[in-house]
Amino acid sequence: MTAKEYLRELRKMDVEVVALREQIRLLEQEAEGVKGMSYTGMPKGGKARDTADVLAEIDDLKTMYTAQIDNLTEKRKVAMAAIAGIERTELRSVLIMRYCLGRSWQDIAHELNYSKSSILRLHGDALQAFSECWDLLRP
């Protein structure tokens, strides 16, 4: 795996963690709704979604979420150690904002007071510097 692939994977994992968190939140809302429903006088038919089923699904998702958070935390530690080895502040900032904070190129450009094209050039330099530091950290 290249340094760039590692950083992309880090960003994708972060997006997945956010999606899992949202899924858990929605299921918890559903579980609350299921508990509060009264089934008297309601039409019969089909299989009703039981609170226990929803809670079991929430439990499974929380297990996946915890494992993904642990994995993301370890990968982020390695990435941050490599980023810390980069000498230029603006290169470190671009990598942190893009891959650790999930910011868009436009947001990064605005925050660092550069044009988007300048940020993309800095990103190329940052990836090269990251790759050199990351190679030193890998077993």
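Everything numeric in this text was worked out from a predicted model, so none of it was measured.
In terms of the side-chain hydrogen bond (donor to acceptor under 3.5 Å, both in side chains) criterion, residue partners of D135 (sequence neighbours excluded) are, by chain and number, R138. Every residue was checked against the salt bridge (Lys or Arg N to Asp or Glu O under 4.0 Å) condition with K12, not counting sequence neighbours, and none meets it.
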**Study point:** Steps toward side chain to side chain donor-acceptor pair (under 3.5 Å) verdict (S104, D107)
**Key:** CA-CA 5 Å; S104 70; D107 288 345; 3.3 Å; yes

**Study point:** Verdict with reasoning, K62 to I58, per side chain to side chain contact (heavy atoms under 4.5 Å, CB included)
**Key:** CA-CA 6 Å; K62 283 184 176 180; I58 290 170; 3.7 Å; yes

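Using a 4.0 Å cut-off between charged nitrogen and carboxylate oxygen, K77 and E74 count as a salt-bridge pair.
Closest non-hydrogen pair, A3 versus F130, comes out as CB-CD2, 3.5 Å. Annotation for D14 and C100: closest pair OD2-O, 4.3 Å, computed over non-hydrogen atoms. Closest non-hydrogen pair, C133 versus A82, comes out as CB-O, 3.3 Å. Here the closest non-hydrogen pair linking I119 and A109 is CG1-CA, 3.5 Å. The nearest pair of heavy atoms linking L27 to V54 is O-CG1, 3.4 Å. Contact record, E5 with M1: OE1-CA, 3.3 Å, taken as the closest heavy-atom pair.
In the hydrophobic cluster analysis, where Ile, Leu, Val, Met, Phe, Trp and Tyr join through side-chain heavy atoms closer than 4.5 angstrom, L101 is grouped apart from V18. The hydrophobic cluster containing L55 does not contain L26, counting ILVMFWY residues as joined when their side-chain heavy atoms lie under 4.5 angstrom apart, directly or transitively.
Atom CZ of R8 sits in a sparse spot, with 12 or fewer heavy atoms from other residues, nucleotides or ligands closer than 6.0 Å. For E87, the CD atom sits in a loose shell: 12 or fewer heavy atoms of surrounding residues, nucleotides or ligands are nearer than 6.0 Å. Within a 6.0 Å sphere centred on NZ of K75, heavy atoms belonging to other residues, nucleotides or ligands number more than 12.
Relative orientation of the W134 and Y6 rings is tilted, given thresholds of 30° and 60° on the angle between their planes.
Within the 4.5 Å cutoff, side-chain heavy atoms of L127 are placed close to those of L7. Inter-residue side-chain proximity for E111 and I108 is flagged as unmet; no heavy-atom pair is nearer than 4.5 Å. Between R103 and R98, the closest side-chain pair of non-hydrogen atoms is not below 4.5 Å. Between R88 and D125, the closest side-chain pair of non-hydrogen atoms falls below 4.5 Å.
With no hydrogens or angles considered, a side-chain donor-acceptor pair links T89 and R92 at under 3.5 Å. In the model, T63 has no side-chain atom that pairs as donor or acceptor with a side-chain atom of T66 under 3.5 Å.
Rounding to the nearest 0.5 Å gives a distance of 11.5 Å between CE of M97 and CG of L95. To the nearest 0.5 Å, the span separating CZ on R25 from CZ on R21 amounts to 11.0 Å. If you take OG on S117 and NE2 on H123, they are separated by 14.5 Å, rounding to the nearest 0.5 Å. Between the CE atom in M64 and the CD1 atom in I24 there is a gap of 8.5 Å [rounded to 0.5 Å]. To the nearest 0.5 Å, the span separating CD1 on I83 from CZ on R76 amounts to 10.0 Å. The CD atom of E16 lies 10.0 Å from the CD atom of Q23; values are rounded to the nearest 0.5 Å.
Under a 3.5 Å cut-off, the side chain of S118 and the backbone N or O of Y114 do not form any donor-acceptor pair.
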